[in-house]
There are 2 protein chains.
Amino acid sequence: MAEKVTIATVARHAQVSRQTVSNVLNAPHIVREETRQRVQEAIAALGYRASQAARQMRTGRSRLIAVRIEPTRDGINGSVLDRFLHGLTETAEAAGYRTMLYTATDRQREIATYDDLLGAYDLDGFVLTATDHGDPRTAWLADRGVPFVTFGRPWDDLDAHCWVDVDGAAGTAAATAHLLAAGHRRIGWIGWPAGSGVGDDRRAGWHRTLRAAGVDPSGLHRETVDGIAEGERCARELLADPAPPTALVCASDSLALGALQAARTTGPAIPVIGFDDTPVAAALGLTSVGQPLGDAAARCVDLLTAVLDEPRRGLAPVLLQPALVLRRTA
Amino acid sequence: MAEKVTIATVARHAQVSRQTVSNVLNAPHIVREETRQRVQEAIAALGYRASQAARQMRTGRSRLIAVRIEPTRDGINGSVLDRFLHGLTETAEAAGYRTMLYTATDRQREIATYDDLLGAYDLDGFVLTATDHGDPRTAWLADRGVPFVTFGRPWDDLDAHCWVDVDGAAGTAAATAHLLAAGHRRIGWIGWPAGSGVGDDRRAGWHRTLRAAGVDPSGLHRETVDGIAEGERCARELLADPAPPTALVCASDSLALGALQAARTTGPAIPVIGFDDTPVAAALGLTSVGQPLGDAAARCVDLLTAVLDEPRRGLAPVLLQPALVLRRTA
DNA sequence: GGGCAGGATTGGATCGTTCAAGTTTCTGGA
DNA sequence: TCCAGAAACTTGAACGATCCAATCCTGCCC
């Protein structure tokens, strides 16, 4: 069993001091080219890797970022987080950071977990998902000066902190415009109850596009919690109207899926467009608004590393554009 | 800004030595009850948390386990890993371990990543997924004595290392038996090409159940790579036979989905059963064999922590039973 | 040839914890 | 009362990296 390779082993092998090896790693420009090369060779030959623990102890930085992994609720939307997570891990790796997971059942516990992670692992930063109005988590982190980025806007104050988001309103606007272009006028909306930032945003895109086209949206929409059965019920209600919508835009693929089933059973098929471009949508040929999740994750890492390198700078938020993925249903 | 709380701060506050505080944390039984309580109070009062980095430096253990996060391939099967990951993180947390993610595009790079993670972060262990015949990763880890558990059997030698798996054959057997009980005789199979451990296992369950019922399986099966379109094509072929199957069992929900569409378009609907109980299956009412993923993840953590506590013991592998989730399609 | 400036290199101290070994306190039996 | 032995607690050293301050070159100019 070969003994452990430390910075001292490398130094001895390259016939320099520990500090020189450290400089080669952390400040290569101050080391003479020839020396630098000799050290690099020794590092490669010995397979040396700097102990993150020792480095962290001295510098206080762990090169670790944390993300919460949520329980897959209805299973359909779970894949969104999954894709985001993958992008995040990949980009973070490229930037020299590693990703750590944690779970939390509610926000208070999540804050307790922050405390834990910061205290025990000296985490460098957090990426938060699923933020909402008056989120206590961002306040807690900001109070303590902990670097973090949210995937999702701080709906109360857009300058409150660093964020990355996808323009949901633009997505539903594109979906609505697509249906208008196909000749539809009475385009319905099935979404979530008012009050959630994401839901209101998506609804706004449909609303303003319809009004701009001179259509009165009243009576054309229903609000409910997320779910396939709920979507089906709402669609049934809308289609039972004397002047029913001839096409539907939904706040999620779950709702759209339900709507699709309602439309199939009540009469002639009508166009339905969902949101999130989940695997289910792809499997069923459901037209859906797709979020650039890989991109979003990459921008989160970019922002976070920028904050870590230069803690003072206030960084501009990032708003990405979604894209309508056309399939059979519209 | 409060200064950092270390073990020394706690020691001063409780009027004991550093070591006693350390003992309270790591070997409470050797500390007198009264002292123990005093130290615990000081810890709580100061909000002290042991620095994992410092601890790791001394002990060489990081209380960190790593899992690979795969790119969501066709998106349907992605959710399987997602659910597994969530269970893993949760159970690991309860056992005092944290989960770290990494990505890798191929097995050689994955091994390079092991080296990196072990060298830099002193990872305690790995959980591998998607193992197959002659997997170089397990050999590499075993050679170096790195603790690991695989989710998936080592198909070449069941005693090669510690593993947790779900009995796929039992799942397809249950599906086949269910169809037999419903009066079907000619039950078809759509699966993956021979050679993959998982695929062969699932196929075997269908095969042996059919034979046990006195039905000749020849001509009733098709093999293809995974995918909806592929499933549809295979189902078409089978149904075009002069004596077509009256029901289908598939190796995955993707294949089953394709088969379902083929059945819908070629004639009267026939029962179809998939595998993995993915969100897509739930959304479509597809009967499917569900894996106890949360359980599997928990057992992986159990085994891994057991190995970490007692490196010598050869631990018995775990084979979990899947469950048939009945829905509309069968 | 000597002195000097500037950059490259060196040794020592340090981060917060646990291990090993040493010291004090307590307990019980003669 | 005294002492052995155990139990409880304390002290110094070490893990492997980085930071700091001091020293050593090297080349250059007078």
Side-chain angles (χ1 to χ4, degrees), chain A residues 2-40 42-43 46-64 96 116-124, chain B residues 2-40 42-43 46-64 96 116-124:
Chain A
E3 67 193 87
K4 210 159 199 180
V5 179
T6 77
I7 204 170
T9 323
V10 177
R12 227 176 306 132
H13 195 270
Q15 303 195 305
V16 292
S17 68
R18 289 169 328 203
Q19 180 63 23
T20 303
V21 178
S22 175
N23 284 338
V24 168
L25 295 172
N26 302 309
H29 57 280
I30 67 165
V31 181
R32 194 172 42 183
E33 174 61 21
E34 180 205 319
T35 314
R36 202 182 56 70
Q37 212 146 45
R38 190 152 40 99
V39 172
Q40 288 286 16
I43 288 176
L46 296 166
Y48 165 77
R49 277 167 222 285
S51 155
Q52 197 51 235
R55 171 175 291 174
Q56 173 179 343
M57 196 142 103
R58 194 79 186 96
T59 63
R61 292 188 45 179
S62 60
R63 302 200 76 83
L64 235 48
D116 231 32
L117 289 170
L118 289 169
Y121 289 89
D122 273 312
L123 255 91
D124 285 349
Chain B
E3 66 191 87
K4 208 157 199 179
V5 178
T6 77
I7 206 170
T9 322
V10 176
R12 229 175 304 133
H13 195 270
Q15 304 196 305
V16 293
S17 68
R18 291 173 328 224
Q19 183 61 32
T20 301
V21 179
S22 174
N23 285 337
V24 168
L25 294 172
N26 304 308
H29 57 278
I30 67 165
V31 180
R32 194 172 40 179
E33 175 61 21
E34 179 205 318
T35 314
R36 202 182 59 70
Q37 214 147 43
R38 190 152 38 98
V39 171
Q40 287 285 17
I43 287 177
L46 296 166
Y48 165 77
R49 278 168 220 286
S51 153
Q52 192 52 48
R55 172 175 289 174
Q56 173 179 343
M57 194 143 103
R58 193 76 185 104
T59 62
R61 292 187 48 180
S62 59
R63 301 200 77 81
L64 235 47
D116 230 31
L117 288 169
L118 288 169
Y121 290 89
D122 273 312
L123 255 90
D124 284 349

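Protein chains get the first letters and strands the later ones, always in sequence-line order, with residue 1 at the start of each. These numbers come from a predicted model, not from an experiment.
When rounded to the nearest whole Å, the span between CZ of A:Arg38 and C1' of C:dA8 equals 12 Å. Protein atom CG of B:Asp122 is 10 Å distant from nucleotide atom P of D:dA17, rounded to whole Å. Computed from coordinates, the B:Arg12 CZ to D:dT10 P distance equals 14 Å when rounded to whole Å. The nearest whole Å value for the distance from the OH atom in B:Tyr48 to the P atom in C:dG16 is 10 Å. Between the CE atom of A:Met57 and the P atom of C:dT17 there is a distance of 9 Å, given to the nearest Å. If you take CG of A:Asn23 and C1' of C:dT9, they are 9 Å apart, rounded to a whole angstrom. The CD1 atom of A:Ile30 sits 13 Å away from the C1' atom of D:dC20 (whole-angstrom rounding). Atom CD of B:Gln52 and atom C1' of C:dG16 are 12 Å apart (whole Å).
Between B:Ser17 and the phosphate of D:dT11, there is no side-chain N or O to OP1/OP2 separation shorter than 4.0 Å. For the pair A:Ser22 and D:dT18, the criterion of a side-chain N or O lying under 4.0 Å from OP1 or OP2 is met. Taking side-chain N and O atoms only, A:Thr35 has a distance below 4.0 Å to OP1 or OP2 of C:dT9. In this model, the phosphate group of D:dG16 is not approached by any side-chain N or O of A:Ser51 to a distance below 4.0 Å at OP1 or OP2. In terms of phosphate contacts, A:Tyr121 brings no side-chain nitrogen or oxygen within less than 4.0 Å of OP1 or OP2 of C:dG16.
Annotation: of the two residues near DNA chain D, B:His29 and B:Arg58, the 5′-most nearest-nucleotide partner is B:His29.
Of the candidates D:dT18, D:dC19, D:dT10, D:dT18 carries the atom nearest the A:Asn26 side chain, counting heavy atoms from C-beta on. Of the candidates D:dC9, D:dG16, C:dG16, D:dG16 carries the atom nearest the A:Thr6 side chain, counting heavy atoms from C-beta on. Here D:dC9 is the nucleotide among C:dC15, D:dC9, C:dT9 with the atom lying nearest to any side-chain atom of B:Arg32. For B:Val16, whose side chain is taken as the heavy atoms from C-beta onward, the closest listed nucleotide among D:dT18, D:dG16, D:dT10 is D:dT10.
For the pair A:Gln15 and A:Arg38, the minimum side-chain heavy-atom distance is below 4.5 Å. The shortest distance between side-chain heavy atoms of A:Val31 and A:Val39 does not fall below 4.5 Å. Counting only heavy atoms from C-beta outward, the side chains of A:Ile43 and A:Leu25 approach each other to under 4.5 Å. Between A:Leu118 and A:Leu123, some side-chain heavy-atom pair lies under the 4.5 Å cut-off. The shortest distance between side-chain heavy atoms of A:Val5 and A:His13 does not fall below 4.5 Å. At a threshold of 4.5 Å between non-hydrogen side-chain atoms, the residues A:Thr6 and A:Thr9 count as touching.
Across all strands shown, A:Ala53 has no heavy atoms under 4.0 Å from either base or sugar-phosphate atoms. Residue B:Thr20 is classed as a base contact, given a heavy-atom separation below 4.0 Å to a base.
Side-chain to base pairing of B:Arg18 with D:dG12: one donor and one acceptor N or O lie within less than 3.5 Å of each other. Judged by atom type and distance alone, B:Gln19 reaches the base of C:dC19 through a side-chain donor-acceptor pair under 3.5 Å.
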